[in-house]
Every structure is written in structure tokens, then in C-alpha cells.
K.L.:
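This is the structure, below, for whatever I ask next.
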Amino acid sequence: MADLETQPESAMQDLPPFSIHALELGPMENFVYLIQDHASGRAAVVDPAWEVSEVMRLAEGLGVRITDILLTHSHHDHINGIDEVLGACDAQVHLLKDEARFWGHYQDIPTLHHGGDVIELGETPIRVLHTPGHTPGSACYHLGGDVIAGDTLFVFGCGRCDLRGGDPEAMFQTLKRLRTELPPETVLRPGHNYAETPVSTLEEQVRSNPFLHFDDPLRFVQYRMHLHDRYRHEPYGPVSREAIDRLMREKTGGAG
Ligand SMILES: [Fe+2]
């Protein structure tokens with residue numbers, strides 16, 4: 001698989017201490033990210049899964065040492081390569097305590113996190129955001145001008161809330177927090193390649209992601225749980241606020 005992208009132009013100007021490399025792997029269009037810290041030569045794999053050999057090959061080509069594994073959540077398609085990475089590298093596994101408890105694994109490791117914690121990857125600080133909704137302990141990783149969002153926020157989409165541990169009201173609050181707390185120019189790097197483009201900005205998502213068009217949590221829940229999957233298909237593209245208001249009026253008698 002090809003290394004899909006390195007740094008967006010805007011970040012290049014600020015010369016961040018890191019690069020993010022994305023690999024699209026497996027049958028579910030998962031993005032596995034390798035965060036490379038330039039100063040230390042260390043690297044972190046986010047959500048190691050599927051063809052781990054591709055990740056290893058990338059790390060080797062870059063001349064970096066994988067020292068950390070960052071999990072956005074515990075679903076099989078995001079974690080099925082952990083053992084293989086741990087077999088090859090002496091890496092620390094990081095995840096939120098809430099997710100370890102939900103999952104039933106890794107509850108005794110010393111690197112369980114709470115929202116707001118900062119992981120230091122060499123000279124790259126990575127802030128852990130607790131973003132429940134898809135699972136109780138879902139995490140996003142915020143570093144420099146990027147957010148690695150797992151199955152919380154996709155380009156023009158968001159994670160399902162109907163699986164075990166899903167909570168659409170929590171997802172509504174999580175998305176609201178992301179769009180208010182992170183700068184609009186933040187580059188969104190999702191956990192799956194479900195859209196027409198692999199990356200976006202929060203600004204573009206606020207403008208055109210249907211899940212960010214809701215002011216009322218109950219209507220968000222209705223759309224997420226009952227309407228979205230009937231009306232949209234991959235690859236996801238932009239949806240205007242007017243289009244969502246129209247759909248909600250037609251189907252429920254009220255706007256978003
Ligand atoms: Fe998931």
C-alpha cells in the first residue's frame with residue numbers, strides 16, 4: 001500500500017516536529033497512522049491492524065523506531081495488529097482507562113489515560129481527547145494542527161452509535177466539543193477512508209458534514225440512529241445544512 005500523504009501545506013509552514021503518514025489497510029478501508037517524531041527517531045502507530053508488515057516496512061523505510069501504540073478505540077478492525085507490533089517492537093500501548101474497562105483488556109498497563117493527558121513522543125506532544133459516542137472510551141489524538149479521530153469523526157460522516165457501548169447523545173456532545181475546542185484549520189485524519197477525500201479540515205466539516213448541522217441533540221439522535229443510513233452511501237460527500245433541515249422537516253416535521 002502506498003504512503004498516502006505526509007504533511008498538509010499549512011502545517012509545512014509551521015515546521016512541526018513530526019510527520020503523519022497514513023496507510024489504508026484491510027477490507028474496511030481502515031487508516032493506520034504512523035506518527036514520526038523527527039528529533040528522536042521515535043514513532044507511534046495509531047490503531048495497528050490488518051497488514052502490519054506494511055507498517056513495519058514504512059517504519060523501516062523512514063528509519064524510525066516504533067516505541068508507542070495509540071488506540072482510538074477497541075473495535076477489532078482497529079486493534080487486530082497489536083500483538084504483531086508488540087512481537088516486533090518494545091512498544092507502550094496507550095488507551096483511555098474507560099475504553100480498557102469497556103473492552104476488558106489492558107486494564108493493568110501503566111499507560112492508561114484520562115482525557116486531557118499528554119503523551120510525549122520525543123519532542124512531539126500528543127494530547128489525548130476523550131470523545132465518547134462510538135464507544136465509551138473512544139479517544140482522538142490532537143498533535144500540532146492535526147487530529148486523528150478514529151471512528152468519532154469521519155470526513156463528511158461520524159461513527160456508528162448503535163453497536164455495544166455506543167451512545168448517540170454522547171456523540172452529539174463530543175462533536176460539539178470538537179468543533180468548538182479545536183481551531184477551524186485543524187486537519188481531520190479519520191479512522192476510515194469513507195469519503196471522496198482522505199483528509200479534511202474542521203472548518204470544511206462544520207460547513208458540510210451532516211452530523212455537524214444539528215443544534216438539537218434529540219434530532220441528532222434521530223438522524224444518526226434512524227435516518228442517515230437510509231439516505232447516504234459511500235463515498236460520503238458534502239451535505240449542506242439546508243439539505244439536512246429539509247430532510248428532517250420531511251421525515252420528522254422539524255428542522256435540524
Ligand atoms: Fe469502530
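Atoms within a ligand are numbered from 1 in the order they appear, just like the ligands themselves. The structure presented is a predicted model; accordingly, all values stated were derived computationally and were not measured.
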K.L.:
Can you tell me the N, O or S atom of Asp151 that's nearest the Fe ion (ligand 1)?
P.N.:
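It is OD2, the N, O or S atom of Asp151 closest to the Fe ion (ligand 1).
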K.L.:
Suppose we only count N/O/S atoms under 2.8 Å; would His78 qualify as near the Fe ion (ligand 1)?
P.N.:
no
K.L.:
Taking the six-membered ring for Trp and the full ring for Phe, Tyr or His, determine whether the centres of Tyr194 and Phe156 are under 6.0 Å apart.
P.N.:
no
K.L.:
Is the ring centre of Tyr236 less than 6.0 Å from the ring centre of His228?
P.N.:
yes
K.L.:
Angle at the Fe ion (ligand 1), ND1 of His75 to NE2 of His134, rounded to 10 degrees, please.
P.N.:
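Angle ND1(His75)-the Fe ion (ligand 1)-NE2(His134): 80°, rounded to 10°.
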K.L.:
Does the shortest distance from the Fe ion (ligand 1) to an N/O/S atom of Asp77 fall below 2.8 Å?
P.N.:
no
K.L.:
Looking at Phe172 versus Phe214, is the centre-to-centre ring distance below 6.0 Å?
P.N.:
no
K.L.:
Would you indicate whether the side-chain heavy atoms of His114 and Val128 approach each other to under 4.5 Å?
P.N.:
no
